2 protein chains.
Amino acid sequence: MNGAAPPPRSEPELEARAAGIAGMTLAELARQLGRTLPRDTRSGKGFAGQLVESALGASAGSLPEPDFQHIGVELKTLPVSANGRPLESTYVCTVPLEAQASPLWRDSAVRRKLARVLWLPVEAARELPLARRRIGSAILWSPDAAQEARLRADWEELMDLIALGQVAQITAHQGSCLQVRPKAADASARRWGVDERGVRVRTLPRGFYLRSSFTAAILARRYAGIPR
Amino acid sequence: MNGAAPPPRSEPELEARAAGIAGMTLAELARQLGRTLPRDTRSGKGFAGQLVESALGASAGSLPEPDFQHIGVELKTLPVSANGRPLESTYVCTVPLEAQASPLWRDSAVRRKLARVLWLPVEAARELPLARRRIGSAILWSPDAAQEARLRADWEELMDLIALGQVAQITAHQGSCLQVRPKAADASARRWGVDERGVRVRTLPRGFYLRSSFTAAILARRYAGIPR
DNA sequence: CGGGATCCAAGTGTGGATCCAC
DNA sequence: GTGGATCCACACTTGGATCCCG
């Protein structure tokens, strides 16, 4: 196997490929794919995610489509500690800052993105160099009724504020499982939004993120499976 | 003088700068600005335009704003033969392919772009190497009533077809002074548009262009002034 | 600990236009 | 001659996320 894989044609095929890379280190996988490792994790924040995209046949760098568009599955790597506990929140998608009337959960990007996800744990303890980090066992997941209800409640609360032009008042404290945080090159970045009076204004771009307590619960149901 | 100039603060200041570079070759101007010439004109299609932007203090590579936004003036280089006759049509702006109801000329990008233009003739005969091409004398222009009427008539005819989803039927034969032609990296490029039934479809991106007979008339009123 | 700040790659779109086969 | 095709640069956006100070 060398170079990027073609798109998988079914969920079982995708799961089989994920099983095939479980236990490998990022260095091993990078060598197989002919990719070089970034010098450090600061300058290579997205490296692990892009590496497994190539390995599993995701249409790399594509647009609002799911990673595996034929089969409607989104791929998310999950940085975990040695104990298999998520170390970071998970980015979902950008926040639509120009929303005016309160939109419907049914039509939301958050619901579409999270409808079907292949979670792939990857070791990410700060002291462990990129090269030695190992890939865990994947979990193919859809939200159950309780999870979807919590996601929806958080999303509706947050989107109501945005539709009212209150985005500047939102902090990452809000939302029990889904939060809104900055998503930008730096704090000076600006995107078009709407203020309290409906006037178009420049504002900091933001994204929806899943709290790590939420992804921890997903992993807890099925052992993350980092080989020892 | 070295590096790009700051924005001019008035039309007379802009005209004075243009007079200052009239008669210079592209090689001379490039050396003053510390820029290197492209190998050939095929790979350097936009070079002359970008060079004079720097020389005159246009906010290079900026967005839908006029080149000189403070004073509301657009800069257009005009490739001319040894006789001062325009050799090419002039690109104005992209065609809004998603327009539904027929929009108003008053609000159009074409009218805004052409409201005030500094035309700068530049020698461009095919046999003349980039380095030896000379810059002519600038003309600061606004459309007179007759010119605006022709532009408006062409624009309204073309935009009506686009609003009806007939963009695929438009050819460069239409329009007495303003035409629609492809504006893309190649013929496979696609942008969102609307078909006859109002359905969103992928279509070839297009731009508005001024026929060279139109720009020739502008130059004819005031001698292009390539020094001999 | 975690909320706010930041980092990289690649795709897309726009602005500058001229090329070239028919 | 000119209508359809193409070329370059670079700003902007999105998708991949983790960093790091209070």
Side-chain angles (χ1 to χ4, degrees), chain A residues 38 40-54 58-65 67 74-79 87-94 113 122 124 126 130 170-174 179-191 204-207 209 211-213, chain B residues 38 40-54 58-65 67 74-79 87-94 113 122 124 126 130 170-174 179-191 204-207 209 211-213:
Chain A
D40 51 59
T41 56
R42 182 162 186 265
S43 60
K45 288 185 181 179
F47 178 75
Q50 288 153 359
L51 193 64
V52 301
E53 276 186 350
S54 291
S59 32
S62 76
L63 241 41
E65 305 308 318
D67 293 312
E74 178 75 17
L75 173 66
K76 285 291 175 195
T77 59
L78 214 39
L87 289 166
E88 290 287 351
S89 57
T90 299
Y91 169 69
V92 181
C93 60
T94 62
K113 281 272 188 183
V122 176
R126 300 295 304 279
L130 264 185
I170 296 179
T171 81
H173 296 284
Q174 283 159 282
Q179 61 181 178
V180 165
R181 298 223 309 284
K183 176 72 166 92
D186 59 56
S188 71
R190 286 296 178 268
R191 204 65 32 94
L204 183 64
R206 289 148 217 266
Y209 294 80
R211 290 186 184 278
S212 50
S213 57
Chain B
D40 51 60
T41 56
R42 182 161 186 265
S43 61
K45 288 185 180 180
F47 178 76
Q50 288 153 0
L51 194 64
V52 301
E53 276 187 350
S54 291
S59 32
S62 76
L63 240 42
E65 305 308 317
D67 292 312
E74 178 74 17
L75 173 65
K76 286 291 176 194
T77 59
L78 215 38
L87 289 166
E88 290 287 350
S89 56
T90 299
Y91 168 69
V92 180
C93 59
T94 61
K113 281 273 188 182
V122 176
R126 300 296 305 278
L130 264 185
I170 296 179
T171 81
H173 296 284
Q174 285 159 281
Q179 61 180 176
V180 165
R181 298 223 308 284
K183 176 72 166 93
D186 58 56
S188 72
R190 286 296 178 268
R191 205 65 34 94
L204 183 65
R206 290 148 215 267
Y209 294 80
R211 291 187 184 276
S212 51
S213 57

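The structure displayed is predicted, hence computed values, not measured ones. Reckoned from all heavy atoms, side chains included, excluding hydrogens, waters and symmetry mates. Chain letters run A, B, ... following the sequence lines, proteins first and then strands; every chain starts at 1.
Residues B:Ser212 and B:Glu88 approach most closely at CB-O, 3.6 Å, considering heavy atoms. Nearest approach of B:Glu74 to B:Asp67, heavy atoms of both residues: OE2-OD2, 3.1 Å.
Contacts of A:Ser89 with the nucleic acid, taken as non-hydrogen atoms under 4.0 Å apart, include base atoms. Heavy atoms of A:Pro38 sit nowhere under 4.0 angstrom from any nucleic acid atom. Residue-level contact check: A:Gly49 touches the backbone only, with heavy atoms under 4.0 Å from sugar-phosphate atoms and none from bases. Using a 4.0 Å heavy-atom cutoff across all strands shown, B:Ala124 reaches no nucleic acid atom at all.
Closest to the side chain of A:Glu74, from the set C:dG16, D:dG16, C:dC7, is D:dG16. Considering only the side chain of A:Arg181, C:dA5 comes nearest among D:dG3, C:dA5, C:dC7. The side chain of B:Tyr91 lies closest to C:dA17 when the candidates are C:dA17, C:dT6, D:dT6. Candidate nucleotides C:dG3, C:dA5, D:dG4 were compared by shortest atom distance to the side chain of B:Thr171, and D:dG4 ranks first. Distances from the side chain of A:Ala184 to the nucleotides C:dC19, C:dT6, D:dG3 place C:dT6 closest. Among the nucleotides C:dA17, C:dC7, D:dT13, the one closest to the side chain of A:Lys45 is C:dC7. Counting only heavy atoms from C-beta on, B:Glu88 has its side chain closest to C:dC20 among C:dC20, C:dT6, D:dC7.
Across the protein-nucleic acid pair, A:Tyr209 atom OH and C:dA5 atom P stand 12 Å apart, rounded to whole Å. The distance between atom CD of B:Gln174 and atom P of D:dG3, rounded to the nearest whole Å, is 11 Å. One can place CG of A:Leu51 at 14 Å from P of C:dA9, the figure rounded to the nearest angstrom.
Listed pair B:Arg42 / D:dT6 fails the phosphate criterion, with no side-chain N or O lying under 4.0 Å from OP1 or OP2. Dashed line: the shortest gap from a side-chain N or O of B:Arg211 to OP1 or OP2 of D:dG3 is under 4.0 Å. Taking 4.0 angstrom as the limit, A:Arg126 places a side-chain polar atom (N or O) nearer than this to OP1 or OP2 of D:dC19. In this model, the phosphate group of D:dG4 is not approached by any side-chain N or O of B:Arg206 to a distance below 4.0 Å at OP1 or OP2. For the OP1/OP2 pair of C:dG13 and a distance below 4.0 Å, the side-chain nitrogens and oxygens of B:Thr94 include no atom meeting the criterion.
Taking only distance into account, the side chain of A:Gln50 never meets the base of C:dC8 through a donor-acceptor pair shorter than 3.5 Å.
Of the two residues contacting DNA chain D, namely B:Lys183 and B:His173, the nearest-nucleotide position lying further toward the 5' end is that of B:His173.
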